[in-house]
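Okay, structure first, notes after.
One-based numbering, in listed order, for ligands and for the atoms of each. All figures in this text were calculated on a predicted structure; none of them were measured in a lab.
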Amino acid sequence: MPFSKLGLSAPFLATIEKSGYAAPYPIQTAAIPAILAGKDVLGIAQTGSGKTAGFVLPILQQFQQKPAARNRHIKALVLVPTRELAVQVGSVFQLFSENLPRPVKSLAVFGGVSINPQMMKLQGVEILIATPGRLLDLMAHNALYLSDVDVLVLDEADKMLNLGFQEEMHRIFAALPALRQNLLFSATLGKDVHTITEMLLRQPVRIEITPEAEHVELIKQVAYRVTDERKGPLLRYLIKEQNLQQVLVFTSSVYKADGVVHKLKTNGVVALALHSQKSQGARTDALRYFKSGEINVLVATDLASRGIDIPTLPVVINYELPRSPKDFIHRIGRTGRAGATGLAISFVTPQDEEHFRVIQKKMGQWVDMVETEGWNLRGY
Ligand code: AMP
């Protein structure tokens with residue numbers, strides 16, 4: 001089904017065409033008409049599914065019929081778990097707000113940066129994308145009011161709960177008017193998310209997208225059998241010999257991520273780490289440099305990597321395997337998106353082999369194992 005059949009008006013279709021979206025993704029086909037019809041939506045979908053445009057487009061279209069908001073009384077609220085996601089979702093709102101007959105002002109706010117500039121920018125804002133903590137801070141400053149909100153979006157609700165935002169979320173819900181449309185997106189539907197959906201959603205349209213199963217086939221995978229001590233040289237060998245340009249490397253700990261970056265740097269590879277111990281500013285910068293190609297290698301932990309959107313990521317390397325097969329699929333799902341083939345490389349130590357078998361079984365795909373013992377990695 002083409003975008004033109006989803007009920008979107010001409011200015012949106014023009015921007016969609018300009019963005020090079022050839023056809024709607026499944027979540028968009030299902031969510032856009034449901035949201036335009038005013039229904040609540042429960043979307044089980046991950047980053048990469050196209051869920052953001054799936055709610056941004058219909059929300060902006062609904063605004064075309066809405067009277068102007070009272071100042072500092074936002075009308076749509078999008079709650080997100082991280083600063084990175086706030087920025088990403090904010091940029092999708094900006095993109096589709098181009099050339100609208102009724103202009104709509106949106107703003108992304110998040111913690112870790114000074115609050116004053118954000119308070120100043122709130123003037124005239126009708127759609128707010130916010131992390132829970134910063135939203136509550138702004139409310140405490142009387143910088144904005146939620147009493148006119150008629151659309152609430154919870155994006156990556158599972159991560160919001162994982163990051164311990166329960167209490168903040170409940171305080172925010174309490175400040176919202178009872179009558180509103182609710183859209184909830186989550187990669188998983190665990191017990192806690194279920195409780196929230198029961199509480200918030202009224203007869204939701206349920207949309208479940210499992211991109212990974214169909215997706216994993218698009219990803220070329222290879223595993224290298226390697227001892228722990230030789231992982232660093234092997235990584236540098238692969239990056240240098242295969243001239244890899246944009247590599248996302250996963251480690252299991254902050255400590256390891258820093259160690260890998262340090263070693264890469266001392267060996268002349270431009271790399272940065274992305275993990276929870278880095279300041280918000282450092283995280284955004286690292287992501288920006290990586291996306292623009294100023295650095296070739298980003299070394300990330302699982303938590304920090306959530307919500308990262310780099311559409312054409314060519315290579316992911318599992319320097320250390322994650323404990324859960326789900327995280328493994330999530331990691332490699334960062335490559336080979338939107339029809340492009342990606343490469344996922346896994347380093348497997350002798351101690352990892354049994355665990356790697358479990359991962360492959362869960363994933364439903366067996367990966368070629370390459371023996372590296374005889375490789376001369378001296379000098380890398
Ligand atoms: P999301 O899951 O919302 O983070 O989107 C993942 C990526 O897919 C983003 O880079 C979008 O720009 C891109 N995207 C979303 N919808 C489409 C579409 N219909 N066609 C092509 N790319 C899309």
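Checked against Asp148 for a side-chain hydrogen bond (donor to acceptor under 3.5 Å, both in side chains), the options Lys75, His73, Arg70 give a single hit: Arg70. Of the listed residues (Val315, Val299, Leu274), just one forms a side-chain contact (heavy atoms from CB on, under 4.5 Å) with Val249, and that residue is Val299. Checking each of Gln181, Arg180, Lys66 against Asp150 for a side-chain hydrogen bond (donor to acceptor under 3.5 Å, both in side chains) leaves exactly one that passes, namely Lys66.
Taking all atoms of both residues into account, the shortest heavy-atom contact from Gly281 to Arg83 is N-NH1, 4.1 Å.
The Thr52 neighbourhood of ligand 1 comprises atoms 1 (P), 3 (O), 4 (O), with distances under 4.0 Å to a heavy atom of that residue. Counting atoms of ligand 1 from 1 in the listed order, those under 4.0 Å from a heavy atom of Phe3 are 19 (N).
Judged by the 6.0 Å distance and 45° axis criteria, Lys231 is positioned over the aromatic ring of Tyr319.
Asp258 and His275 form a side-chain donor-acceptor contact under 3.5 Å, judged by distance and modelled atom types alone.
Of the heavy atoms in Phe55, none comes closer than 4.0 Å to ligand 1. Using a 4.0 Å cut-off between heavy atoms, Ser19 makes no contact with ligand 1 at all. For Gln88, no heavy-atom contact with ligand 1 is shorter than 4.0 Å.
The heavy atom nearest to atom 1 (P) of ligand 1, out of those in Ala22, Ala45, Gly50, is found in Gly50. For atom 19 (N) of ligand 1, the choice among Ala53, Gly20, Ala23 with the nearest heavy atom turns out to be Ala23.
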